[in-house]
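Data first, discussion second: the structure below is written as structure tokens.
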2 protein chains.
Amino acid sequence: MDRRQQKTRDAIFDAFGMLLTEKSFSKITVQEIIDAANVGRTTFYAHFPTKDDLLREMCAEIFDHVFSDAPRAENTHDFSANGRDTTTAVTHVLYHLRDSRKNILGILSSESGDLLLTFFRQYLNKSLAMRMLDGVRPADSVPMDFLVNHISGSFISMVQWWVENGLRETPEEMARYFMSVTDPILSVGNM
Amino acid sequence: MDRRQQKTRDAIFDAFGMLLTEKSFSKITVQEIIDAANVGRTTFYAHFPTKDDLLREMCAEIFDHVFSDAPRAENTHDFSANGRDTTTAVTHVLYHLRDSRKNILGILSSESGDLLLTFFRQYLNKSLAMRMLDGVRPADSVPMDFLVNHISGSFISMVQWWVENGLRETPEEMARYFMSVTDPILSVGNM
DNA sequence: TCGATATAGAACATAATGTTCTGTAAATAT
DNA sequence: ATATTTACAGAACATTATGTTCTATATCGA
């Protein structure tokens, strides 16, 4: 990719991320973005047809980065019975979220957080579905994709709670909370 | 309240609800609302300072109605151990959501659904906190409000899944799914 | 070095927002 | 029933944001 393209893309992402911590997505104007990013109006529209596309692409980039080097659970069956692999994976993702240079949690706690969490949830559903399919059996004739959706939702809820409470807990603590509400579910039908 | 006020308020709510099933909140213009509601421009702004206020007030009205005649669990301790009260309460709310004249689920499945679910979640957190406080003890030193948030989130996730899957299940089935993923959590520390 | 392309900047058309005015109809109070 | 108050419609308006089109310039890759 042309260095110029990458440069303006980064500049727009940085400016947009900063603005998102200050005000809600819907109240941010294209003018503000291009002023903060110091790029021309035409340049912006050359990169992103709409503001929605900008958000979508930035989310994809963030989540790809957050999950790219997360330790994959080697033993997928370890998803239950207080799987150590799962705990460390969750912890790792939480550290990433908290310490990201892009101030992800700042964005999540803003008025636009829900919008971002929607993408997050879709992302989780997809990647969880692949991991869980062979490791866990549905319990009590509860559909598998219901379970997957429930686990993704639980993760999102946890992050929301964590952010809204001022990140007082360590990622390790949060991972333990998470396991304590998801492990009993997954253990039931899985032996 | 002046009958005229109530009339225009209803007209605006109806028009807005209909539009929400067609397009996303952010793409709906005030002009479209007042055309569909057949009210004057000034009238709209006299009732709702912004489009956001309109959404907020409509949500409040909907949720108040949905929960107003939900059977309250007499025995709050019954929240665990497959509490029958809780199951029927959940079932009742799901029926309300599905069969509401205002097409709530149509709105929830639209692009604006997340916005609405945010209000829903806040509403649930508040009303759940009151019900659970004396009935359930936290397990494993997991904070009470974390648990409350988890249950609310689980409910929201369930509704999202239900809607996205085309409402194929009955409210009774969904309530059973819900209990199967929340009951193991609540039973642990509660005896 | 040269051709291709990304960019800046200005100017522009279009469309949405929110306000202000006037006259009219409908509610409530007496 | 009449008077008074209040809500409303409709139009006109200023303001602001969006998205496009143009030209000129600077930077990239080969």
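Lettering follows sequence order; numbering is per chain, from 1.
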May I ask you to list the residues of residues 10-26 of chain A, by number, that have any heavy atom positioned under 4.0 Å from an atom of DNA chain D?
none
Those residues at least two apart in sequence (or on a different chain) that pass side chain to side chain donor-acceptor pair (under 3.5 Å) with A:Thr118 are B:Asp114
For B:Thr21, check side chain to side chain donor-acceptor pair (under 3.5 Å) against everything at least two apart and list the hits.
none
In residues 162-175 of chain A, what donor-acceptor pairs under 3.5 Å come from side-chain atoms, sequence neighbours left out?
residue  : atom : partner  : partner atom : Å
A:Trp162 : NE1  : A:Glu169 : O            : 3.0
A:Glu164 : OE1  : B:Arg121 : NH2          : 3.3
A:Glu164 : OE2  : B:Arg121 : NH2          : 3.3
A:Arg168 : NH1  : A:Asn165 : O            : 3.3
A:Thr170 : OG1  : A:Glu173 : N            : 3.1
A:Glu172 : OE1  : A:Tyr95  : OH           : 3.0
A:Glu172 : OE2  : A:Tyr95  : OH           : 3.0
A:Glu173 : OE1  : A:Thr170 : N            : 3.2

In this structure, how many angstroms lie between the P atom of D:dT5 and the CD atom of B:Gln5, rounded?
17 Å
In whole Å, I'd like the distance from the CD atom of A:Gln31 to the C1' atom of C:dA16.
17 Å
Can you tell me which nucleotide in C:dA6, D:dT18, C:dA16 comes closest to the side chain of B:Thr29?
C:dA16
Hey, does the side chain of A:Ser100 reach the backbone of A:Leu97 with a donor-acceptor pair shorter than 3.5 angstrom?
no
If we count only N and O atoms by modelled type, under 3.5 Å, do the side chains of A:Gln6 and A:Asp2 hold a donor and an acceptor together?
no
Interface polar pairs with nucleotides 26-30 of chain D, N/O, under 3.5 angstrom:
residue : atom : partner : partner atom : Å
D:dT27  : O2   : A:Arg4  : NH1          : 2.7
D:dG29  : OP2  : A:Arg3  : NE           : 3.2
D:dG29  : OP2  : A:Arg3  : NH2          : 3.0

For DNA chain C, what residues of residues 39-55 of chain B have any heavy atom nearer than 4.0 Å?
B:Arg41, B:Thr42, B:Tyr45
Answer yes or no: is there a side-chain heavy-atom contact under 4.5 Å between B:Tyr45 and B:Val30?
yes
Is it true that A:Glu32 and A:Lys27 have a side-chain N and a carboxylate O under 4.0 angstrom from each other?
no
